[in-house]
Protein chains: 2
Amino acid sequence: MSDEDCDRVSRVHTLLEQEIIARYFSRHSAGGNVEIGIGDDAAVVSPPDGSKLVMTVDTLNEGVHFRPGCAPEDLGHKALAVNLSDLAAMGATPLWATLSLSLPDIEHAWLEGFSRGLFSLADRYGMKIIGGDLVRGARSISIQATGYLKSACAMTRAHARAGDSIYVSGTLGDAALYLELSRDTEHRTVPKPDLDYLAQRLNRPQPRVEVGQEIVAFASAAIDLSDGLVLDVRRILQGSGVGARIDLEQIPLSDAMQRQRHDAKGWDQVLAGGEDYELVFTASPERSGEIDTVRERTGCPITRIGEITPGDTLELFEAGHRYPLPGRPGFDHFA
Amino acid sequence: MSDEDCDRVSRVHTLLEQEIIARYFSRHSAGGNVEIGIGDDAAVVSPPDGSKLVMTVDTLNEGVHFRPGCAPEDLGHKALAVNLSDLAAMGATPLWATLSLSLPDIEHAWLEGFSRGLFSLADRYGMKIIGGDLVRGARSISIQATGYLKSACAMTRAHARAGDSIYVSGTLGDAALYLELSRDTEHRTVPKPDLDYLAQRLNRPQPRVEVGQEIVAFASAAIDLSDGLVLDVRRILQGSGVGARIDLEQIPLSDAMQRQRHDAKGWDQVLAGGEDYELVFTASPERSGEIDTVRERTGCPITRIGEITPGDTLELFEAGHRYPLPGRPGFDHFA
């Protein structure tokens with residue numbers, strides 16, 4: 001790009017941008033606690049009286065977090081879902097989101113699919129997209145989400161205690177197994193229903209918002225599983241100054257995973273695969289009755305996979321024997 | 001990038017990312033109204049009681065909004081400044097910001113400069129950087145800023161009335177003149193002090209936060225000038241259903257602009273250059289005493305440049321004669 005080209009586009013936004021925003025992103029942005037939505041210099045919102053707000057941001061870049069050609073509806077869903085997963089891990093109720101969208105060019109079919117995926121998930125939680133920025137650049141989606149706490153305190157990573165049980169929502173390793181299968185050069189035959197199920201677990205993660213809202217009342221620590229069980233559990237251990245023991249046989253696996261994992265690399269996807277977007281949390285064993293209630297109210301599987309220990313090490317066990325920690329506990333963008 | 005490469009980095013964030021965040025971005029993120037800052041799944045903040053919040057997001061992409069090689073300290077400043085300018089245009093007081101930073105690789109000198117520029121401006125307004133995301137990708141900076149209203153209402157674009165005076169803060173066209181001069185292939189000799197002044201106007205815009213906080217009490221409409229006077233004033237006219245007359249001789253120009261603009265293209269930079277990050281606002285003529293007070297309290301020049309008219313057209317006058325609207329009122333990313 002010449003300097004002249006660079007300058008020509010350097011001063012941003014105008015009528016066409018406004019038209020695109022009006023066409024794809026202005027749905028129901030005002031009303032309720034949104035006084036001014038999309039279309040002015042900024043949005044104006046009214047937080048619930050006396051509440052604490054929870055704010056997070058996550059960005060998905062093409063070629064890094066998703067492949068070129070990824071379905072736009074999946075991307076719209078996932079870009080919001082990964083943020084809702086962070087809100088869920090704090091026990092927050094979603095309120096508003098802002099979107100920054102960088103696109104190399106305007107494709108209406110892409111925008112149509114992306115906005116459908118985005119709003120479909122936002123609507124499920126009564127969440128409003130209140131503002132955004134649309135700019136030219138490498139394809140990138142950055143969403144900042146705000147929620148509020150009904151509880152007095154958020155769940156952090158800092159208060160797990162020795163003796164607490166460790167729980168996980170849903171099943172682990174599905175997204176990583178799909179990645180593994182989809183790059184398998186031998187194109188093993190995986191039955192379509194299993195492959196579709198696993199693909200959906202990667203492309204349409206379901207943030208555990210309802211679980212987070214329930215467990216915030218009694219969980220001692222929580223985190224969302226984005227980078228792999230071992231890495232994310234270690235963050236709780238570091239934050240709380242404790243250790244943990246996890247029993248691999250207890251880790252919940254989907255039917256598709258159980259059928260297909262014998263072809264894959266042992267426990268790698270389950271322990272270090274990442275992109276699960278499930279919640280891991282700790283709670284006193286006395287709270288097991290409340291766990292039953294959460295299962296019942298949310299319909300979400302919640303499984304005890306181990307316990308917090310004194311000390312500062314994470315130990316894995318399989319059939320009563322120590323199992324080695326994975327050599328690569330997760331991914332580092334800049335390693 | 002092969003599928004394998006794409007997958008290898010697709011599951012994000014870990015220890016090194018945490019180290020970078022701790023080293024460059026964790027300064028003073030908790031305390032005051034920030035209960036939990038950088039380092040957990042999300043930040044937890046307490047909004048001022050009974051207040052309305054103002055939220056905005058702006059993204060700067062390399063090759064689009066800034067040139068490769070742009071000084072990182074300038075970028076840290078500018079990425080926040082453009083957001084503060086939007087808050088100022090609503091009359092809001094800055095509170096918190098989240099940052100999403102995409103980088104092709106980790107350069108410590110760049111991060112050091114960037115974070116210095118960012119925090120220097122944040123500190124000036126007592127603003128906290130409460131969370132963020134650091135990912136690999138084309139260099140891109142996206143900031144979401146939240147402020148609150150001390151006033152009962154924000155300034156929008158919707159309530160300008162015929163007879164209102166039109167005011168502008170600071171001086172216009174400096175950033176665009178610098179862009180024009182810096183791409184001049186004849187390398188005209190511009191004295192260094194003028195060139196430095198104009199460069200600073202492009203690279204270190206000063207958001208008019210204090211002016212916004214003062215005028216919110218009486219302005220009928222306001223907008224920040226990011227895309228050029230003609231385009232941004234038209235947004236007020238469209239929002240309010242009115243017209244306007246602007247007298248070009250009244251538009252405030254910096255000394256450097258007055259000395260150097262005879263070399264440039266007439267009024268183009270002033271009317272359609274963009275990147276001024278000044279405020280344009282409207283107010284009843286009866287408020288002229290309050291305008292004097294704002295000038296005095298903020299030390300910021302505020303100049304009457306025209307008035308709102310019935311109808312729906314924008315008319316420019318020079319020495320009492322109609323002056324044509326610029327052919328290109330501003331820039332469209334996707335035209």
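Lettering follows sequence order; numbering is per chain, from 1.
- Only the side chain of A:Thr146 comes within contact range of chain B, with at least one heavy atom under 4.5 Å from a heavy atom of that chain.
- One N or O on the side chain of B:Asn61 and one on the backbone of A:Arg136 form a donor-acceptor pair closer than 3.5 Å.
- Note on A:Arg235 versus A:Asp227: salt bridge recorded, some NZ/NE/NH1/NH2 to OD/OE distance being below 4.0 Å.
- The choice from B:Asp86, B:Val44, B:Leu53 that makes the most heavy-atom pairs within less than 4.5 Å of chain A is B:Leu53.
- In this structure, the side chain of B:Lys128 does not engage the main chain of B:Gly32 through any donor-acceptor pair within 3.5 Å.
- Contact of B:Ile36 with chain A is made through the side chain alone, with heavy-atom distances under 4.5 Å.
- If you run side-chain contact (heavy atoms from CB on, under 4.5 Å) between B:Gln144 and each of B:Asp58, B:Val57, B:Asn83, only B:Val57 comes through.
- Residue contact with chain A, scored on non-hydrogen atoms closer than 4.5 Å, involves the backbone of B:Ala222 exclusively.
- Across B:Asp224, B:Val45, B:Leu60, B:Thr56, the residue that shares the most heavy-atom pairs under 4.5 angstrom with chain A is B:Val45.
- For chain B, the option among A:Ala88, A:Ala138, A:Ser46, A:Ser100 with the highest count of heavy-atom pairs below 4.5 Å is A:Ser100.
- Between chain B and the options A:Asp232, A:Thr156, A:Leu87, heavy-atom pairs under 4.5 Å are most frequent for A:Thr156.
- Of the atoms belonging to A:Glu62, not a single heavy atom falls under 4.5 Å from chain B.
- Contacts between A:Ala154 and chain B at a heavy-atom distance below 4.5 Å involve the side chain alone, from C-beta outward.
- For the residue pair A:Pro207 and A:Ser85, the shortest heavy atom distance occurs at CB-N, 3.7 Å.
- The contact between A:Leu149 and chain B is made entirely by side chain atoms (from C-beta outward), counting heavy-atom distances below 4.5 Å.
- Taking chain B as the reference chain and counting heavy-atom pairs below 4.5 Å, the highest number among A:Ser142, A:Pro47, A:Ala89, A:Gly131 is found for A:Pro47.
- Your options are A:Ile130, A:Leu99, A:Asn33, A:Thr98, and the one with the most heavy-atom pairs under 4.5 Å with chain B is A:Thr98.
- A distance of 8.5 Å separates CG in A:Leu271 from CG in A:Leu172, rounded to the nearest 0.5 Å.
- The two atoms that bring B:Ser102 and A:Thr59 nearest to each other are OG-CG2, 4.3 Å, heavy atoms only.
- Between B:Asp41 and A:Arg157 a salt bridge is recorded (basic side-chain N to carboxylate O distance below 4.0 Å).
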